[in-house]
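Please read the structure below before turning to the comments.
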Amino acid sequence: MTPVPKGRPTFCFIDLEALRWNYQQVRKKVGPGVKVLSVVKANAYGHGAGEIAKTLEDEGSDAFGVATLEEGINLRKVGIKSPVLALAGFYPEQFDELLQNKLTPAICEPEVLRHLERLARSRNVSVKFHLKVDTGMGRIGFIPSEIDSWLPELGKLKALKLEGVYSHFSEMEGVERSYSQKQVELFGQVLRRLHSAGYDAPLIHMAKSAGVIAFPSSHFTMVRPGLMLYGIQPSPEMVKQVTLRPVLTWKTCILQLKRVPKGSSISYGQTFKTGRESLIGTLPLGYADGYHRLLSNRGVVLVRGKRAPIVGRVCMDLTMIDVTDIRDAKQGDEVVLLGKQGREIISADEMALWADTISYEILTSISARVPRTYYSSKEE
Ligand SMILES: Cc1ncc(COP(=O)(O)O)c(C=O)c1O
């Protein structure tokens, strides 16, 4: 049975069995010869990095990707032993924490590389690093035409060891793949140039979830999936290529139910007026829980297996729904914000559409105020 937390009934259920299933789909896609670095940055896309990483490590994940050093330190605190790569930039003043926690930095600037080399030599330690190549994303990384200025820098390294070279796709969720193809080609050119200069890093990686599913030529020696581990398809076109199971369900209960006359205004700013006598439920959650304010008068929740609309503006801590058409709706009824109830499902993608955003932002926005509770659907 799924445990139900006490107190305010707004919480996320995280199904670790679904997570294991999704990880195995990655494994099947890439085969045994390719390593999997599971991306657990931003608190494992809102799912809770500690429990997610422990489960994935147990399932066989070879490494983990975080954004910041602090996220890496948190993984060590919960006992993660596998390599952890800090993907979103490294700051030399964090060098001691990097060493103490055996984290791997991604390097994008020759100056940072030189600085790190000096620090490692002064401490008489050897440090592995990954080099980030910008093949078309236009954010961190060196651009392929700068490779000749990097080669002499790599030649001077004694304390630093080049363990990985990687790049990131800018867009490959759509059907059109020519830009991604160009990115893979540019990456290949950099790898060949490094190889001819005698640098063969064991870990070469580029594929995020969409690459894992639909672009085998981007698998190289390691892949970096995030979204698909959490059971979300990178794009509707990929549904036929892999079966994923959503990991997170977000629920609450009706806090108060009241019948109001026609013409009543609901919430701040009178943006919603009842067009008939209505049954309005108030939910104990709001934008401070990560329930986007853009869902005001646009979002939908599930009550008794039926869809009920959000009415009026989402407040900081409370949100109203119209349950006039839901038979027998009662105070205390379970409300599903994300996930399945009866035959109905609200996916992170659907909620993202209502809030003019993407599933990644929906998941990573669920705030720390919402307790995450873990269970395994296998045991149900
Ligand atoms: C550098 C890097 N690699 C991999 C990923 C994982 O991407 P996805 O969640 O689409 O699999 C991300 C996600 O933003 C990323 O920034």
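First listed ligand is number 1; within each ligand, the first listed atom is number 1.
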Query raised in the report: With respect to Lys273, which candidate in Ser278, Ser264, Ser265 satisfies the side chain to side chain contact (heavy atoms under 4.5 Å, CB included) definition?
Result: Ser265
Report task. Please state which part of Pro225 comes within less than 4.0 Å of ligand 1, counting heavy atoms only: side chain, backbone, both or neither. Result -> backbone
Requested in this report: Ignoring hydrogens, just give me the one of Met206, Lys41, Arg224 whose non-hydrogen atom is nearest atom 16 (O) of ligand 1.
Outcome: Lys41
Query raised in the report: Does NZ or CZ of Lys340 fall inside the cone over Trp250's six-membered ring, less than 6.0 Å from its centre and within 45° of the axis?
Result: no
Query raised in the report: Is Met137 touching ligand 1 with its side chain, its backbone, both, or neither, if touching means heavy atoms under 4.0 Å apart?
Result: neither
Requested in this report: With side-chain contact (heavy atoms from CB on, under 4.5 Å) as the test, would you mind laying out the steps for Ser38 and Tyr23 before giving the verdict?
Outcome: CA-CA 9 Å; Ser38 301; Tyr23 176 81; 4.2 Å; yes
Requested in this report: Taking only Lys NZ, Arg NE, NH1 and NH2, and the carboxylate oxygens of Asp or Glu, determine whether Lys182 and Glu185 approach each other closer than 4.0 Å.
Outcome: no
Query raised in the report: Would you say ligand 1 has an N or O under 3.5 Å from any N or O of Tyr360?
Result: yes
Query - Leu227: numbered ligand 1 atoms lying under 4.0 Å from its heavy atoms - result: 8 (P), 9 (O), 11 (O)
Query raised in the report: Is it the side chain, the backbone, both or neither of Met228 that has a heavy atom closer than 4.0 Å to ligand 1?
Result: neither
Requested in this report: Using a 4.0 Å heavy-atom cut-off, say whether His168 meets ligand 1 through its side chain, its backbone, both or neither.
Outcome: side chain
Query raised in the report: Less than 4.0 Å between a side-chain N and a carboxylate O, is that true for Arg307 and Glu344?
Result: yes
Requested in this report: Under 4.0 Å, heavy atoms only, figure out whether ligand 1 is touched by the backbone of Val39, its side chain, both or neither.
Outcome: side chain
Query raised in the report: Would you call Lys132 a ligand 1 contact, heavy-atom distance under 4.0 Å?
Result: no
Requested in this report: May I ask you to check whether Ser377 and Arg245 show a side-chain donor-acceptor distance below 3.5 Å?
Outcome: yes
**Report entry** Per-atom contacts, ligand 1 versus Tyr45 - under 4.0 Å to a heavy atom
**Finding:** 6 (C), 7 (O), 8 (P), 9 (O), 13 (C)
Query - Ion pair Glu51/Lys54, N-O distance below 4.0 Å - result: yes
